[in-house]
Structures are given as structure tokens and as C-alpha cells.
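Reading through the C-alpha cells given below for one structure.
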Amino acid sequence: MLHNEIQMIPKEVVGIKGPVVDGLLKALLPGDTTIGVPGAIEINILNELNKDSNWNHQVQMVVTKVVEVVLNGELINEQRLDQALEEYSRSKPRKWFAMVNPIMGILLTSYYSDERVRQALGINTVAPFPNGSKIHDTDMEILSPVYERGRIYRFPLSSGESNDR
Amino acid sequence: MIQHFESDVLVVGAGPAGACVTWSLAKAGLNVICIEQGEWVDANQLPSTKSNWELERFGKFSPNPNVRAGKAFGVIDDRNSPISIANFNAVGGSSILFSGHFPRFHPSDFCSKSLDDVGDDWPINYQDLEPFFSTNDKIMGVAGLEGDPAYPKIDGLLPPVPLGRMGEVLANGFNNLGWHWWPSYSAISTIQRSQQNKCINLGPCNTGCSQGAKSSVDLTYWPEAIRNGAKLMTSTKALRIETDVTGSEATAVIARGQDGNLICFRAKRIVLACNGVGTPTLMLTSASKSHPKGVGNSSGLVGKNLMLHPTGYVEGIFDEDLNSSIGPQGCCLYSHEFYENDDKRGFKKGVTLQALRGPGPIESAISGVAMGLVSTGKEHTKSFLSRYQHTAHLAIIVEDFADQENMVTLKDCKLDISGDPIPKIEYRLSENSKAALAFGINRSKEVMLAAGANLVSGIGPVRNTGWHLMGTTKMGNDSKSSVVDRFGKCHDVSNLYVADSSVFVTSGAVNPTSTLQAVALWVADNMLKNEYH
């Protein structure tokens with residue numbers, strides 16, 4: 001299928017609320033049920049992303065490319081779409097990464113900003129201030145070998161100090 | 001109608017250098033006005049007061065002047081440089097966003113030519129600056145540990161910033177190799193002080209400190225300077241320096257105030273402290289009949305010799321959870337094992353290795369995916385968790401040398417939305433810097449492996465690291481080969497001074513704020529001695 005023909009695919013299919021985007025989200029950030037981390041599709045990541053007009057443009061570009069390269073322009077059902085994306089990402093990881101790279105930054109930013117994802121991963125969901133964090137003290141005996149080695153800096157020659165180390 | 005102000009001294013720029021000069025001169029009883037293009041920063045609005053603090057650094061608290069919005073901020077055309085310029089326009093200047101890593105230059109940095117046959121010798125030395133280093137340390141509140149074999153005696157330090165588990169692991173790596181390391185000199189208050197709260201390890205120091213523990217000069221110098229009578233005018237951008245008809249004396253600075261109207265600041269003495277890009281830009285913008293190449297530019301060196309400290313990063317991933325995102329981001333430990341010159345290495349002078357804490361979750365995920373260290377798909381969560389909090393980082397800071405081809409220039413420049421010239425950066429890495437960077441990256445990888453990392457990667461030069469802006473109005477005794485004399489006074493204009501890192505002759509291989517503040521205090525002190533007594 002030619003690029004300009006893909007542009008003709010109905011928006012409800014390749015648009016930002018279409019099945020291809022859903023398939024991409026599932027393929028890229030599916031979450032992990034074993035540790036209870038929701039996937040990008042479950043946290044409604046698109047609601048956040050849709051606020052950014054730049055995202056709309058970027059996603060259209062990626063989706064168009066995915067339809068063109070991964071799906072050969074074929075509009076397939078959800079199950080086959082998921083399989084096709086998984087197979088492509090596994091068999092051609094470099095090409096897959098290059099294809100989805102333009103949206104990874106904004107996708108990961110939104111995903112790891114989500115409170116449910118952070119809670120599931122044990123990441124702080126509140127501002128660093130005013131609570132801060134505790135860090136244990138270190139026994140400074142750890143510096144003994146450095147200290148015992150002696151001076152390692154040099155003086156200017158005019159200072160009269162020796163530069164013997 | 002143009003507003004007029006008069007003072008003994010006008011200081012341009014309220015960052016680390018301008019704050020020191022204003023504090024020193026106001027304390028001596030002079031009538032000092034300081035103008036600053038930015039505003040006071042409200043600690044309650046800083047990113048670390050918000051749960052989405054990682055995102056805020058990409059907006060109005062970005063260190064990149066081209067990213068920040070608002071007409072008060074100029075933009076810098078750094079497309080012809082592999083390193084982009086970083087700064088912050090506010091009361092406190094770049095100290096609002098700096099990491100607070102606060103080492104001094106070494107004594108040998110002031111005499112590179114004599115000692116190592118590279119660069120040039122400064123007309124002043126470490127001993128000249130030592131009293132000002134000490135004064136500055138007391139006012140800024142520097143945490144660290146006495147007895148460092150890499151420096152002459154430095155005392156009066158606050159307790160060091162804790163190493164944390166990541167620091168301990170790296171320290172063991174250095175020890176296993178028999179290499180120098182030491183807890184960082186940190187402009188961070190680790191105890192409660194009269195003007196600063198105790199550090200509580202918020203983490204993202206480089207987005208500003210809501211706790212008021214990091215020693216930005218809006219907290220350390222400005223309150224006392226203002227108590228001593230200094231007048232600080234914010235949202236006031238210097239546009240040009242005026243001179244008398246002979247060009248031998250500066251008479252005024254014309255600025256644009258908050259309301260957009262012009263203001264004329266007449267002063268007996270004018271001190272520029274706008275950093276290594278802002279200061280030469282103002283001097284070049286002020287070209288006139290008596291100064292056709294720019295004020296104070298008979299040498300042709302204003303804007304030239306820009307030094308930037310090319311920087312590399314090395315990351316190690318460890319099986320152990322190092323809790324590495326916790327703690328002051330840029331202050332942990334550093335190494336000067338390879339700081340002093342050793343010709344056997346194949347390049348001149350040396351490097352600093354500076355430990356950095358790990359990134360927050362968003363940055364960890366984005367950089368991990370970009371570097372291929374975190375996968376997408378079913379394994380994403382597991383691979384993310386194996387990286388987040390499990391990384392240690394070393395930054396490699398390389399000594400840069402003056403090269404007249406590296407410069408800030410207004411040639412063929414564009415104008416910003418206010419009609420002000422946009423300075424252009426022309427900069428390339430020297431072969432020496434490239435070799436030093438590769439050397440530092442390789443040594444840092446060795447540290448990671450010696451510390452037990454199971455995966456190590458490194459990159460350099462890193463683009464968004466142009467914080468250290470030096471050399472563009474070089475200090476020297478000869479008016480043909482320098483712009484200002486050993487007291488920061490312009491060779492060509494008898495009452496015009498430069499007191500920031502623009503005057504640096506060499507760059508050392510350390511963060512420059514401690515040294516530039518010592519230089520600023522030296523300039524102010526000598527102005528008082530030479531002009532007022």
C-alpha cells in the first residue's frame with residue numbers, strides 16, 4: 001500500500017483513539033500482572049497524551065509507519081494486530097525501536113507520572129519536599145587508604161614548595 | 001521618559017559573582033546598585049514541591065535558555081557547538097540550578113604554562129585567592145571533610161553530605177584500584193544555619209532547593225548585601241555600556257526595566273558579572289565610535305577563548321539496590337586521581353571524576369530505553385526495575401584550553417523578540433579535550449567494574465552540559481593579549497571591571513563557582529584598596 005493511500009485509512013482506525021494505537025500501547029508498555037503493575041492501556045494514558053497537540057502529530061506518523069511496515073497496509077482484527085506487533089518487535093528489534101522511538105519519550109513520561117504505576121512500583125507519589133529522605137552515615141575509615149597515600153596536588157614552582165609526591 | 005539612577009558602583013548580574021561584588025562593596029559603605037534581568041525565585045514554586053518534579057525541569061526550570069519561556073530571557077544560538085549553553089536568569093543566577101559541587105581550582109591551575117607548558121599563566125595565583133576562598137566558604141557554607149590529599153589545607157567545613165550506599169560502593173571501587181577519592185566539597189548546608197535550613201536530601205538540587213539548604217546566593221549573599229544598603233533591581237536587562245567621548249571611561253549602562261522603558265544607570269564604576277556569555281555579549285553590543293569592536297575590545301579578545309568543560313557520563317548497573325536516586329544529585333564524592341598533568345597519558349592536564357546520584361523514575365526509563373538498557377514489551381517492567389535505583393554514575397569533567405576559534409560572537413547574529421542581539425556560540429572540541437574525555441570515560445568504567453557493576457556504559461561529550469562559561473574576557477598583564485588586568489579592571493576603560501568567570505585564563509577541570517566567587521571577592525577587595533583608600 002502506498003503512503004498516500006494509508007493517509008486515507010479512516011481516522012477511527014489509525015487515529016489516536018484507534019485500535020492501532022491501542023495495539024502499540026499494549027506492545028510497548030503492557031505492565032506486569034505478576035507484580036501488579038498496570039499497562040499503559042489500563043491507565044488511560046491517552047487522556048493525558050491527547051492534551052498535547054505535538055503528541056497527535058507524532059503518533060500519526062508512527063501509526064502510519066506501523067500500518068505501512070508491520071501490517072503491510074492491512075487492517076486486521078485486534079488479536080492478529082497484537083500478534084503482528086509482537087512478532088515484528090521480537091524479530092526486528094532495531095527497526096522496531098527506530099519506528100516507535102519518536103513517541104517513547106512522551107509515552108514513558110506519561111506512564112511513569114501515573115500514580116497507579118508509581119504505587120505499584122513502590123515509587124514515591126508525593127513531592128520530594130517537605131519530607132525529604134534519610135541517608136545513613138558512613139564510617140569514614142573507608143577513607144584510610146586515600147589519606148595514608150599522602151599529598152597528590154602540586155604547588156607552583158615559584159612557591160618554593162616541593163612537588164615531590 | 002528615561003529614568004535615571006546614580007551610584008558609586010553599578011553591578012550587572014545578580015548571580016554568584018555579582019552577589020559577591022555587591023556584598024563586598026556594600027559592606028564597605030559604598031552606594032551600590034545591582035541590576036538583574038531575572039526575578040527572585042519563590043522556593044514554594046520550585047519543582048521539588050510538586051509530585052511531577054521531573055517534568056518541571058523541562059519547562060520554566062530548564063537550564064537551557066532556549067527552552068525557558070518568557071521575554072525576560074534571551075536566547076543563545078548554540079547550533080555551532082556540540083555542547084549547548086546552560087544557565088539561569090534570576091537573583092542567584094545559575095546557583096539556583098547548580099548542583100552545588102564546589103571544589104576549588106588547584107594551585108597548579110594558575111600556572112599551567114610554567115608547570116606544564118600548556119595554556120597560559122594567570123597574573124594571580126592560589127595564594128592570592130586563598131583568603132577569598134575562605135571567606136566565600138564561610139558565607140556559602142561548604143560541606144566537606146578536612147584532610148583531602150588533593151588540596152592544600154581547607155578548614156571550616158560543614159559536615160560532609162552523606163555518601164549513601166551508592167557512594168560507598170563507588171568508594172570501594174576507587175579503593176580497590178588504589179585511586180584518590182574524597183567526599184565532595186558541597187555548597188549545601190548540612191546543619192541548620194541562620195539563613196539556611198539543614199539539607200533533608202530532597203534529591204533534585206539541580207531544579208532548585210525548596211528546603212533552602214543548597215547555597216544559592218539569593219540565600220547566602222543577597223540578604224546581607226541588601227541589609228548593608230545595596231539596591232537590587234530585578235527584571236532589568238542591561239542593553240549597552242556608554243562611555244565618554246574619548247572612550248577611556250564608562251559613564252552609564254542603559255537598561256530596559258520591567259515595564260519595557262529604558263533606564264539610565266550612571267555610576268563611578270561599573271562591574272560586569274553576567275557570566276562567560278552575557279558579559280562579552282554586553283561588551284560587544286556596546287560598540288561605538290570610540291570602541292568600534294566593542295567596549296574594552298582593543299585586543300580583539302572579547303568573546304574569544306571560550307572554555308566549556310567537555311563532559312562525559314559513565315553509568316554502571318549493579319545487582320544491589322543502591323537507592324541511588326536519593327540524596328543531593330551532584331554531591332557525593334569526587335576523584336582527583338587524574339587531575340594533575342602527566343604527559344605519559346598523551347594529553348595535557350587532567351580530569352575530575354564526579355559521582356552523580358541516579359536519576360528519577362521518568363529519566364531512568366527514558367534514558368534506559370534510549371540506551372537499550374531497558375526493554376519495551378513484556379520485559380519492560382522487570383528491566384526498568386533492574387535499572388532504577390540500581391545505577392551509579394560518574395561525570396567526567398575535562399580541562400578545556402583557550403582557543404581563539406572558540407567564541408561568543410555577534411557576527412551575523414539574529415535579534416530576539418525584544419530586538420536584542422542573540423549571541424552565537426562557535427565552539428569545537430580540541431584533540432586534547434577529546435583524548436582527555438576518552439581517557440576519563442575509560443577510567444570511570446574501570447571504577448564501575450572494580451565496584452562490582454555488571455553492566456557499564458559511557459558517553460561523551462554530553463550536549464546539555466555547558467554550565468561552565470569561561471575565558472571570554474581573559475585576565476592578564478598585557479593589554480594586547482588580554483582584556484582585563486589582574487584586578488579585573490578593563491585595560492581600555494579605566495572604571496569598567498569584569499568579575500566573573502569570563503576572566504579565567506585557564507579552566508581547570510572542576511566546577512568553577514567556588515573559584516569565580518573568590519575572583520569576584522578579589523576584584524571587589526582590590527577595587528576598595530586601590531580606588532577608595
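Hydrogens, waters and symmetry mates play no part in the numbers below; they use all other heavy atoms, side chains included.
Between B:E54 and A:T109, every side-chain heavy-atom pair lies at or beyond the 4.5 Å cut-off. Residues B:T376 and A:S89 form no side-chain contact, since every pair of their non-hydrogen atoms from C-beta on lies 4.5 Å or further apart.
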Please evaluate residues B:L385 and A:I35 with respect to the criterion side chain to side chain contact (heavy atoms under 4.5 Å, CB included), reporting the C-alpha separation (whole Å), side-chain torsions for both, the decisive distance (0.1 Å), and the verdict.
CA-CA 11 Å; B:L385 288 173; A:I35 46 178; 3.8 Å; yes
Could you walk me through whether A:F97 and B:V369 satisfy the side chain to side chain contact (heavy atoms under 4.5 Å, CB included) test, starting with their C-alpha distance in whole Å, then the side-chain angles of each, then the deciding distance to 0.1 Å, before giving a yes or no?
CA-CA 9 Å; A:F97 181 73; B:V369 169; 3.5 Å; yes
Do A:I135 and B:N323 pass the side chain to side chain contact (heavy atoms under 4.5 Å, CB included) test, and can you show the C-alpha distance, the side-chain angles, and the key distance before you say yes or no?
CA-CA 9 Å; A:I135 301 181; B:N323 212 13; over 6 Å; no
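Heavy atoms only, all atoms of each residue included: B:A150 and A:I152 are closest at CA-CG1, 3.7 Å. When every heavy atom of A:G105 is checked against every heavy atom of B:I366, the shortest pair comes out as O-CD1, 3.6 Å. Annotation for B:S51 and A:T125: closest pair CB-O, 3.4 Å, computed over non-hydrogen atoms. Closest approach of A:P128 and B:W53 over heavy atoms only: CD-CD1, 3.4 Å. Between A:Y112 and B:F384, the shortest heavy-atom contact is OH-CG, 3.3 Å. The nearest pair of heavy atoms linking A:S133 to B:N201 is O-ND2, 2.9 Å.
In this structure, the separation between CZ on A:F129 and CD on B:Q211 is 5.5 Å, given to the nearest 0.5 Å. Rounding to the nearest 0.5 Å gives a distance of 11.5 Å between OH of A:Y153 and NE2 of B:H180. Here the NZ-CD1 distance, from A:K134 to B:I326, works out to 12.5 Å after rounding to the nearest 0.5 Å. Rounding to the nearest 0.5 angstrom, the gap separating the NZ atom in A:K26 from the NZ atom in B:K378 is 11.5 Å. Rounded to the nearest 0.5 Å, atoms CZ (A:R151) and OH (B:Y151) are 14.0 Å apart.
Looking at A:V37, only its side chain comes within 4.5 Å of chain B, counting heavy atoms on both sides. For A:R118, the part lying near chain B is the side chain, with the backbone staying farther off; criterion is any non-hydrogen pair under 4.5 Å. Looking at B:L145, only its side chain comes within 4.5 Å of chain A, counting heavy atoms on both sides. Heavy-atom distances place the backbone of A:P130, and not its side chain, under 4.5 Å from chain B. Neither the backbone nor the side chain of B:N52 comes within contact range of chain A; no heavy atom of the residue lies under 4.5 Å from a heavy atom of that chain. With a threshold of 4.5 angstrom between heavy atoms, B:D116 approaches chain A through side-chain atoms but not through N, CA, C or O. Within the 4.5 angstrom heavy-atom criterion, no atom of B:Y339 approaches chain A. Of the atoms belonging to B:K50, it is backbone heavy atoms, and not side-chain ones, that fall under 4.5 Å from chain A. Within the 4.5 angstrom heavy-atom criterion, no atom of B:P159 approaches chain A. For A:S144, no part lies under 4.5 angstrom from a heavy atom of chain B. Contacts of A:E86 with chain B are made by side-chain atoms alone, with heavy-atom separations under 4.5 Å and no backbone atom involved.
Of the listed residues A:D32, A:I142, A:N131, A:N124, the one with more heavy-atom pairs under 4.5 angstrom with chain B than any other is A:I142. Ranking B:G178, B:P152, B:G203, B:S210 against chain A, the residue ahead of the rest is B:P152, based on heavy-atom pairs under 4.5 Å. Considering only heavy-atom pairs separated by less than 4.5 Å from chain B, the leading option among A:V126, A:L121, A:V100, A:L108 is A:L108.
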Tell me which donor-acceptor pairs under 3.5 Å the side chains of residues 161-170 of chain B have, and how far apart each pair is, sequence neighbours excluded?
{"unit_1": "B:R165", "atom_1": "NE", "unit_2": "B:E320", "atom_2": "OE2", "d": "2.5"}
{"unit_1": "B:R165", "atom_1": "NH1", "unit_2": "B:E168", "atom_2": "OE1", "d": "3.2"}
{"unit_1": "B:R165", "atom_1": "NH2", "unit_2": "B:E320", "atom_2": "OE1", "d": "3.3"}
{"unit_1": "B:E168", "atom_1": "OE1", "unit_2": "A:H136", "atom_2": "NE2", "d": "3.4"}
{"unit_1": "B:E168", "atom_1": "OE2", "unit_2": "A:H136", "atom_2": "NE2", "d": "2.7"}
{"unit_1": "B:E168", "atom_1": "OE2", "unit_2": "A:T138", "atom_2": "OG1", "d": "2.6"}

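Ring geometry, A:Y111 versus B:H380: the interplanar angle exceeds 60°, so the pair is classed perpendicular (tilted spans 30 to 60°).
Shown here are the side chain to side chain donor-acceptor pair (under 3.5 Å) partners of B:N176, two or more places apart in sequence or in another chain: there are none.
Other residues, nucleotides and ligands contribute only 12 or fewer heavy atoms inside 6.0 Å of the CG atom of A:D137.
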